[in-house]
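Below is one structure, written out as structure tokens; the observations come after it.
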Amino acid sequence: MTGETSTGKDPLANRVRPAYEAVRTRRAVMPRETFRVDMDDAGFAVRGKDIALLRRIEERVLWLASWTIHNANHLRESRDGLKVGGHQASCASMTTLMTALYFAALRPQDRVAVKPHASPVFHAVQHLYGRQSLDQLQRFRALGGAQSYPSRTKDQDDVDFSTGSVGLGVAMTAFASLTQDYLAARGAVKPDAMGRMISLLGDAELDEGNIYEALIEACKHDVRNTWWIVDYNRQSLDATTSDRMFTRYGEIFEAAGWTVETLKWSKRQREAFAKSGGAALQAWIESAPNDLYSALTYQGGAAWRERLTADLAEDKPALALIASYDDEELALLMTELGGHCMETVLEAFARAAEDDAPRFFIAYTVKGWRLPFQGHKDNHAGLMNPSQIAELRQRLGVAEGEEWDILSGIADNEATAIRRLVETAPFAGRTDGRKVAPRVVTPSAETLLKAVEGEGEQSTQTAFGKVMFEIAKGQDEFAGRVVTTSPDVTVSTNLGGFVNRRGVFHRRAHEDVFKSRRIPSAQVWSMAETGQHVELGIAENNLFIALAALGLSAPLFGERLFPVGTLYDPFIARGLDALNYACYQDARFLLVATPSGLTLAPEGGAHQSIGTPLIGMSQPGLDSYEPAFADETAVLMAHAFERIQAEQGGSTYLRLSTRVIAQPQRDDGDWKAGAVAGGYWLRRPAADARLVLVYSGAIAPEALEAFEQLLEDEPGAGLLAVTSPDVLHADWTAAGRARWTGGEARRSTAETLLDALPQAASLVTVIDGSPAALSWLGSVRGQRVRALGMESFGQSGDLPDLYAKYRLDAEAILDACADLLV
Ligand SMILES: Cc1ncc(C[n+]2csc(CCOP(=O)(O)OP(=O)(O)O)c2C)c(N)n1
Ligand SMILES: [Mg+2]
């Protein structure tokens, strides 16, 4: 609340329509007492008397959220002395917005990403709808109870989008809208079933850059049906923040084509400001520095009176107006901003419901609204003490001992009316929040193998492209449900063949001008609603959020998609949090990262990934593979597609390479199961073997070359192909755990493979990435290991030079063997 808006310099004054202006106009034609938002069937209706009920619901939502946190921190037994936590202030600032949304505006098909630390408000709302048990609330933040931050996979009530890492849930709603448009274009979501994808976010959350990356992408894709509602309390975690960005935010979103709704003033304020002397009060708020405004909000009525009386000493009408309020009323007038005014919020939602334009709401609020620490700069993690919560309970009319009864102390007729309002709210009609999509027949490994057969030397990246092209040629249902996406590396990751046949998706058709002008090009780039490729800008974060949304199409929209996303392997790191976010929600997709490693040679150290095998190993929900050969790639793709729809499935990450290498002659098909399980013997060791070579991925030729030489001295040596350090390792730890926790006694794949060796045999492992990905194999049976891989930044060069310099060549492998055999 700096002077910017009051100095007349507001560059948006004419463009961002202040909510109260619109409200004034509307009010002129509306009967005075009956608040009525009368809409066609796109909107919603709220009767005047329901406003009072909604306010009561809001109070009880505030209560239950506060009490849930209080219970977890003060009443539940603590066994470890740790503060349990929870954010009463952040909850309080959102209760009006969430009550208006969930009990009036939200329809069954709408989906919401709730500000992470407002999770108790969400659970309280769900409880009122009968969709969240008291037991869950009582175990908030305890094992098996309601989660600290809304979780699709862990919470028992119907969380639409997980949140936690701020900013990601916001972007998620835009990509969920894009997914909905993609399905709608295929008739898979009917026009009247299209939902709004809504994000409720904090103002400090707006500092996250990924929001603007998503905004740009949403603009390019003409995304609609998306609401981003900012709880604009001008406080972050650490302190109060400046209001200097206020007009700028509107400007940014307007520039991106969004409609901006600013809810600055409440009805109470608008009415008071219209009185004699009122304009001065409004101007005072407009020009007050935010820290002063917050401090007075915390201090309350007497402090407000003292300061305003001093600042407006020259203004008699203003002084008279101030004097007409008692302290409590004065404090309320100064602090009940637009985002705490039920009518203002409902009207803004109703206006927005009139069309499908993307909306950015700036709802002015007070952090900790109506709680003892409201406005205090340190209130983010603040908790009410027992006497403060008792005072709140009394103030809200909840009877002592009935704290968990959300309607405690409310007269029967009002309670009945509240129940009726809840039962008849549009959102009460949601019955299938978790949709189930019918199974789709996915291609078999044999089918996909045909795409890569009969070639001489090739790379795993080429094999991937061939398989995708084969799929693109197919007429089956599966082919129609594959959707590809890439952050501006579609062509260079070999998705081009697929896109040429299947087209680029866009709501607005656009022909490939180069093609229509007959200019030769290998790539057709025509856009239409029928296209099956979603082309993204370079921002890798968006790739992962897009995969999260496309990968949840089944539970969100009841339609299975098989999303395939490609990027350069090193740039996974750019979107790592978003990848984790996608996996945390159990989104299902195939991620193809190529090229990778030092093998990228001439591109240099900035493009050569090192740690990605470890990323793959450590990311839950994502199985990572690094095939060396084309046939392995095809088999693993078939496996990955089936995993997308398997109940206990997940997502798959293939780390591929552009290195063209000779392909193995296979005697039988036994290797296929091994490739999926994580490894197989390319050459089984003899019973008395002293040494084996273990390799992963594109470095296979060096391993083979070294192996041939090794055989001269060590004829019993073995050669182990590891297609997935990740799957092997996870299976090994799981099998071990099962044995000592009384589960199934079985030998893991890694143990079974290494059982072929005498205990005294040693291992040399090699991977074009962190050697830690394979070095653990030595612990499986307690064998000595020399682990080769990358541990320093690479640089430009050709393969012989780089492999020699970074000790990944055959000579280095033999040196390691010699070291073990000496
Ligand atoms: C990516 C990420 N960084 C940091 C945090 C820790 N964090 C949680 S809430 C918060 C501040 C939020 O302020 P705001 O968005 O304004 O929400 P408010 O509580 O004020 O409503 C921070 C820094 C987080 N959850 N995610
Ligand atoms: Mg804030």
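Remember, it's 1-based here, ligands and their atoms both numbered in the order they're listed.
Between D586 and L552, the closest heavy-atom pair is O-CD2, 4.0 Å. Of all the heavy atoms in V112 and L200, the pair that sits closest is CG1-CD1, 3.9 Å. For Q388 against M384, the heavy-atom pair with the smallest separation is OE1-CA, 3.4 Å.
Within a 4.0 Å radius of atom 1 (C) of ligand 1, the protein has at least one heavy atom. At a distance under 4.0 Å, no protein heavy atom can be found next to atom 5 (C) of ligand 1.
Comparing M94, H380, Q235 by heavy-atom distance to atom 20 (O) of ligand 1, the nearest is Q235.
The single protein non-hydrogen atom nearest to atom 9 (S) of ligand 1 is H117 CE1, 3.4 Å, given as residue, atom name and distance. Counting protein heavy atoms only, atom 16 (O) of ligand 1 is closest to D203 OD1, 2.6 Å. Scanning the protein heavy atoms around atom 26 (N) of ligand 1, the nearest turns out to be V166 N, 3.1 Å.
Side-chain contact, T566 with S486: a donor N or O sits under 3.5 Å from an acceptor N or O. Under the 3.5 Å distance criterion, with hydrogens and angles disregarded, a donor-acceptor pair is assigned to the side chains of D231 and T365.
The Mg ion (ligand 2) lies under 2.8 Å from an N, O or S atom belonging to N233. Residue side and main chain included, S90 places no N/O/S atom under 2.8 Å of the Mg ion (ligand 2).
Rounded to 10°, the angle formed at the Mg ion (ligand 2) by D203 OD1 and Q235 O is 110°.
Close approach of ligand 1 to S165 (heavy-atom distance below 4.0 Å) involves ligand atoms 1 (C), 26 (N). Distances below 4.0 Å separate heavy atoms of S90 from the following atoms of ligand 1: 18 (P), 19 (O). Those atoms of ligand 1 with a heavy atom of D231 less than 4.0 angstrom away are 21 (O). Short contacts between ligand 1 and K367, defined as distances under 4.0 Å to a heavy atom of the residue, involve ligand atoms 18 (P), 19 (O), 20 (O). Residue A204 has at least one heavy-atom neighbour below 4.0 Å for each of these atoms of ligand 1: 13 (O), 14 (P), 15 (O), 16 (O). Near K115, meaning under 4.0 Å from any of its heavy atoms, are these atoms of ligand 1: 18 (P), 21 (O). Atoms of ligand 1 lying under 4.0 Å from any heavy atom of N233, numbered from 1 in the order shown and given with element: 18 (P), 20 (O), 21 (O).
Between E343 and R55, at least one side-chain N (NZ, or NE/NH1/NH2) sits under 4.0 Å from a carboxylate O, which counts as a salt bridge. Here E261 pairs with R351 in a salt bridge; the nearest charged N to carboxylate O distance falls below 4.0 Å. Checked for salt-bridge contact, R234 and D203 miss the test: no charged N lies under 4.0 Å from a carboxylate O.
The cationic atom of R131 (NZ for Lys, CZ for Arg) does not lie both less than 6.0 Å from the six-membered ring centre of Y102 and within 45° of the ring axis. Under a cutoff of 6.0 Å and an axis angle of 45°, R248 and F253 do not form a cation-pi pair.
If you run ring pair (Phe, Tyr, Trp, His ring centres under 6.0 Å) between W228 and each of F361, W258, Y249, only W258 comes through. Looking at T485, L536, V223 one by one, the single match for side chain to side chain contact (heavy atoms under 4.5 Å, CB included) with F175 turns out to be L536. For the side-chain hydrogen bond (donor to acceptor under 3.5 Å, both in side chains) with Q132, the lone residue among H127, Q126, Q156, H123 that qualifies is H123.
Note on ring orientation: taking the six-membered ring where Trp is involved, the planes of F103 and Y129 are parallel (angle under 30°, cut-offs 30° and 60°).
Taking a 4.0 Å cut-off on heavy atoms, G164 registers as neighbouring ligand 1. Within the structure, ligand 1 has S236 among the residues with a heavy atom less than 4.0 angstrom away. For R234, the heavy-atom gap to ligand 1 stays at 4.0 angstrom or more. Within the 4.0 Å heavy-atom shell around ligand 1 one does not find H87.
Here L237 has heavy atoms under 4.0 Å from ligand 1 in both its backbone and its side chain.
The shortest N/O to N/O separation between S93 and ligand 1 does not fall below 3.5 Å. Between D577 and ligand 1, no pair of N/O atoms sits closer than 3.5 Å.
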